[in-house]
Amino acid sequence: MASGDTHPFFDLHTHGFVRVATATPKVRTADIAYNAQGIIEQAEKAHDQGVDLLLYPELSLSSYALDDLHLQTALLEAVERHLAEILKRSRTLTPVLVIGAPLRRNGRIYNCAITIAKGRILGVVPKSYLPNYREFYEKRWFSHGRDCVGLEIDVLGETVPFGTDIVFEAEDFAGFTFGIEICEDFWSPNPPGTLAALAGATILLNLSASNITIGKSDERHMLTRASSSRYVCAYAYSASGYGESTTDLSWDGQGMIYELGDLLIESVRFDHEPELCVTDVDTRRILAERMRMQTWGDAADAAGRPEDWYRKIGFEHGAAQKDNGLARPIRRFPFVPNRREKLDEDCYEAFNIQVDALMRRIEATRPKCLVIGISGGLDSTHALLVAAKAMDRLGRPRTDIRGYTMPGFATSDGTKSNAWKLMKAFGITAEEIDIKPTALMMLENIGHAFADGHPVYDTTFENVQAGLRTDYLFRLAGQHGGWVIGTGDLSELALGWCTYGVGDQMSHYGVNSGVPKTLIQYLIRWTTTTHQFDDHVDGVLLDILDTEISPELVPAGEDGTIQSTQSIIGPYELNDFFLHHVIRWGQSPSHVAFLAWHAWKDAEAGQWPIDFPEDARNAYDLPTIAKWLENFVKRFFGFSQFKRSAMPNGPKVSAGGALSPRGDWRAPSDAVADLWLEDLRRNLPD
């Protein structure tokens, strides 16, 4: 798109994203002119890729492994001369550059990070902690900057801010605020980035010249990930690469960027060619998490409120409005485990959170039996899996689980057959109760048109059946000295897709209440691939996974089409995407729409969950996403909270959140959805 034709919705900056990159430029020991040219080349490439903030390695202008050459006046003067050339060449470039260089001040040399924006030095941050152990010898050449606060430095005839008490802030781009550490600083027990983050920096940069040894890459990942998580920020790290002196050391050029503990991107290590590692950081997500996490604010207060005394160096970023895409991994299924090396462990944890919670409730209440309605659908199937595993571990017979299938006016032969196969495969006490006669009697008693032979399939018609099933289960639990296991899931609670009170909204313990539909599908499949039960059970489970999701409360049409839940409330895969970003991160609908569009617009792009079926890989255009997101907003914010306010106990399973009024989500039942709908209508293209 041409810049002038781009709707603001398609510009990543509209949604608070900052495009950040780490650079591994070409470098040659003590060749300042060569290194300066390498810095400029990477800056120009970053400009072409729409980068906003570009991080270089430590001492990238001089090169790092110089030993006593750092003390040579000729080298230090060459650094300043070629720094002037970099300033000149950067005037027309969009990225803010953060480069490394040795600078002199008052008879000392400092290992510095220099921040440059459009041909101007914004400020200089010195390294706080100088390693002087094993292969490192920095105190021989440099002075530490730990006590450099409120100072200035003369560079190329200009006086600019100098010190560790600096963060840089774009005045025309809310959220684009960054602080700086240099290499050893984040190996320190007291990293200076802590105060920079507490002063408001959403992004921390680390210029590093860390040499490579076996296992050190893992250590860097650990520190970078921990820093981004602990400081509630994005953390970019760039280490020196090929071209540094190998007299005694070697260099791998590792670059990586984490956000809130999530790895967004990392470079190819040991690459002989210069490399840019580009991704988009979500500053709104970061700021929302800081607001939500009161510990972060408490830490800022305990540290003396750095925001009150840190110097904020402002600059005009002035990035042009355009569609630069989104350079960022977005999980289509944010509730579903996506780490192949951790797949079994993640699924094991999710499943066993439910099993363990149910076991504890059984031990505490000592019921004679567990009562569960088995429909042959996903939710009741998964609840039965959890119940069976809990009984096995408690050493109780599965016959203490009483399963009831209760066919109604629209129950299909397929789901009824699956329900019976499932109950028999697990060896539970199984019975069938035909609810049609009782439902018909109730419809007659209330004067419903269906009782007179009219095909009226309204909400009352549906709720009579759903309510009767739950009523039977509660009465059966009382009769047999047990209690009812709820089968409804997190997705249904979010959308209010459950019958309130005497209906599937109620139970004695909602074992699935913290598990969304997409995760239930995945966990059922995981139980088959890891053979949690026997082959007979696995075969039935695979049949159930292939069944259309339907409440089966309305008879099939003349063409045989059954009632489809997802045609009414939208695809669960989209609804779960919306739900995650709304309840976990508090993101606005237009922001969620932007993420969803990039995640779902192309089925061939990006990663799918491990072993996700090829024929189930869907794509959605922006109008479709907007349609179902509007429906989600209406149902979640404006309709269904009263059902969640009275929901039974049940375990939280995913860090993505739960909807219990005693836990993650507390909201008034009489709120309206108007402002969320207005956000969609105002910010999305027509």
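Along the sequence shown, residues are numbered consecutively beginning with 1. None of the values given here were measured: they were computed from a predicted structure. Both backbone and side-chain heavy atoms feed into the values below; hydrogens, waters and symmetry mates do not.
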*If you measure from CD1 on Ile99 to CG on Leu61, what distance do you get to the nearest 0.5 Å?*
5.5 Å
*Residues two or more places apart in sequence or in another chain: which of them pass side-chain contact (heavy atoms from CB on, under 4.5 Å) with Asn324?*
Leu12, Arg19, Lys322
*Atom CG of Leu53 and atom CD1 of Ile203: how far apart are they, to the nearest 0.5 Å?*
5.5 Å
*For atom OH of Tyr348, is the number of surrounding heavy atoms from other residues, nucleotides or ligands below 6.0 Å larger than 12?*
no
*Taking all heavy atoms of Asp52 and all of Ala319, pick out the closest pair and write down the distance.*
OD1-CB, 4.2 Å
*Run the numbers on Val653 and Phe335 for side-chain contact (heavy atoms from CB on, under 4.5 Å), then give the verdict.*
CA-CA 10 Å; Val653 173; Phe335 289 105; over 6 Å; no
*Could I get the full list of salt bridge (Lys or Arg N to Asp or Glu O under 4.0 Å) partners for Lys118, not counting sequence neighbours?*
none
*Between the main-chain N or O of Gly16 and the side-chain N or O of Thr283, is there a donor-acceptor pair closer than 3.5 Å?*
yes
*How would you list, by chain and number, every residue that makes a side-chain hydrogen bond (donor to acceptor under 3.5 Å, both in side chains) with Asp165, sequence neighbours excluded?*
Arg311
*Check for a donor-acceptor pair, side chain of Arg332 on one end and backbone N or O of Ala599 on the other, with a separation under 3.5 Å.*
yes
*Hey, is CZ on Arg225 packed in by over 12 heavy atoms from elsewhere, all under 6.0 Å?*
no
*Do the ring centers of Phe333 and Trp600 come within less than 6.0 Å of each other?*
yes
*asked:* Looking only at side-chain N and O atoms, does Glu266 offer a donor or acceptor that is under 3.5 Å from a partner on Tyr237?
replied: no
*With Ala303, which residues qualify under side-chain contact (heavy atoms from CB on, under 4.5 Å), at least two apart?*
Leu195, Leu198, Pro306
Tabulate below the donor-acceptor pairs under 3.5 Å that side-chain atoms of residues 86-93 make, not counting sequence neighbours, or state none.
unit_1: Arg89; atom_1: NH2; unit_2: Glu44; atom_2: OE2; d: 3.3
unit_1: Ser90; atom_1: OG; unit_2: Ile86; atom_2: O; d: 3.3
unit_1: Ser90; atom_1: OG; unit_2: Leu87; atom_2: O; d: 3.0
unit_1: Ser90; atom_1: OG; unit_2: Gly119; atom_2: N; d: 3.1

*asked:* Less than 3.5 Å apart, any donor N or O on the side chain of Asn575 or Ser491 sitting next to an acceptor on the other?
replied: no
*Who pairs with Trp676 by side-chain hydrogen bond (donor to acceptor under 3.5 Å, both in side chains), at least two apart in sequence or on another chain?*
none
*Output all residues satisfying side-chain contact (heavy atoms from CB on, under 4.5 Å) with Leu122, sequence neighbours left out; order by chain, then residue number.*
Thr115, Ala117, Arg120, Phe168, Ile313, Phe315
*Out of Glu41, Glu273, Gln42, which residue meets the side-chain contact (heavy atoms from CB on, under 4.5 Å) rule with Lys26?*
Glu41
*Any sub-3.5 Å donor-acceptor pair from Thr14's side-chain atoms to Pro8's backbone N or O?*
yes
*Donor-acceptor contact present, side-chain Thr202 to main-chain Leu287, <3.5 Å*: no
*Going by the side-chain hydrogen bond (donor to acceptor under 3.5 Å, both in side chains) test, which pairs reach into residues 167-187, not counting sequence neighbours?*
Tyr133-Glu184, Glu181-Tyr235, Trp187-Glu219
*Rounded to the nearest 0.5 Å, how far apart are OH of Tyr56 and CG of Leu205?*
12.5 Å
*Does Gln294 reach the main-chain N or O of Met291 with its side chain, forming a donor-acceptor pair under 3.5 Å?*
yes
*asked:* The test is side-chain contact (heavy atoms from CB on, under 4.5 Å); show your working for Val98 and Phe178 and say whether it passes.
replied: CA-CA 11 Å; Val98 181; Phe178 64 93; 4.0 Å; yes
*Any donor-acceptor pair under 3.5 Å from Arg340 side chain to Ile610 backbone*: no
*Once you round to the nearest 0.5 Å, how far does CG of Asn111 lie from OG of Ser62?*
8.0 Å
*Please test Asp323 against Thr6 for side-chain hydrogen bond (donor to acceptor under 3.5 Å, both in side chains), starting from the C-alpha separation and ending with a verdict.*
CA-CA 6 Å; Asp323 181 358; Thr6 302; over 6 Å; no
*Kindly say whether the aromatic ring centers of Phe578 and Phe636 come within a distance under 6.0 Å.*
no
_Quick one, Leu684 with His7, criterion side-chain contact (heavy atoms from CB on, under 4.5 Å). Give me CA distance, side-chain angles, the key distance, then yes/no._
CA-CA 8 Å; Leu684 266 65; His7 188 283; over 6 Å; no
*Can any side-chain N or O of His47 pair as donor or acceptor with the backbone N or O of Pro95 at less than 3.5 Å?*
no
*What residue pairs, at least two apart or across chains, pass ring pair (Phe, Tyr, Trp, His ring centres under 6.0 Å) with a residue in residues 194-227?*
His221-Tyr258
*asked:* For the NE2 atom of His15 and the CG atom of Asp280, what is their distance to the nearest 0.5 Å?
replied: 11.5 Å
*For residues 253-264, pull every pair meeting salt bridge (charged side-chain N to carboxylate O under 4.0 Å, His left out), keeping only residues two or more places apart or in separate chains.*
Glu259-Arg285, Glu259-Arg328, Asp262-Arg285
*Looking at the rings of Phe162 and Tyr110, which for Trp means the six-membered one, are their centres under 6.0 Å apart?*
yes
*Dump the intermediate steps for side-chain contact (heavy atoms from CB on, under 4.5 Å) on Ile330 and Phe577, then the final yes or no.*
CA-CA 10 Å; Ile330 305 176; Phe577 185 96; 3.9 Å; yes
_Over 12 non-hydrogen atoms of neighbours within 6.0 angstrom of CD in Glu158_ = no
*Flag the pair Glu341 and Arg339 as a salt bridge only when some basic side-chain nitrogen lies within less than 4.0 angstrom of an acidic carboxylate oxygen.*
no
*If a pair satisfies ring pair (Phe, Tyr, Trp, His ring centres under 6.0 Å) and one of its residues is in residues 263-299, list it, with sequence neighbours excluded.*
Tyr242-His272
*Would you confirm whether Glu244, through its side chain, and Ala65, through its main-chain N or O, come within 3.5 Å as a donor-acceptor pair?*
yes
*asked:* Given 3.5 Å as the limit, does a donor-acceptor pair link the side chain of Gln49 with the main chain of Val278, or not?
replied: no
_Just verifying a value: how many Å separate Ser188 OG and Arg146 CZ, rounded to the nearest 0.5 Å?_
8.5 Å
*Val336 to Pro609 - nearest heavy-atom pair and separation*: CG1-CB, 4.0 Å
_Whether the side chain of Trp608 engages the backbone of Ala603 through a donor-acceptor N/O pair (distance < 3.5 Å, no angle test) should be reported._
yes
*Identify the two heavy atoms, one from Cys183 and one from Lys127, that lie closest to each other, and give their separation to 0.1 Å.*
CB-NZ, 3.8 Å
*I would like to know whether Gln607 and Asn338 meet side-chain hydrogen bond (donor to acceptor under 3.5 Å, both in side chains); could you show each step before the answer?*
CA-CA 9 Å; Gln607 290 188 334; Asn338 69 331; 5.4 Å; no
*Could you go step by step and tell me if Glu289 and Arg292 meet the salt bridge (Lys or Arg N to Asp or Glu O under 4.0 Å) rule?*
CA-CA 5 Å; Glu289 184 69 352; Arg292 183 178 294 103; 3.1 Å; yes
*Mind checking salt bridge (Lys or Arg N to Asp or Glu O under 4.0 Å) for Arg230 and listing every partner two or more places apart, or none if nothing turns up?*
none
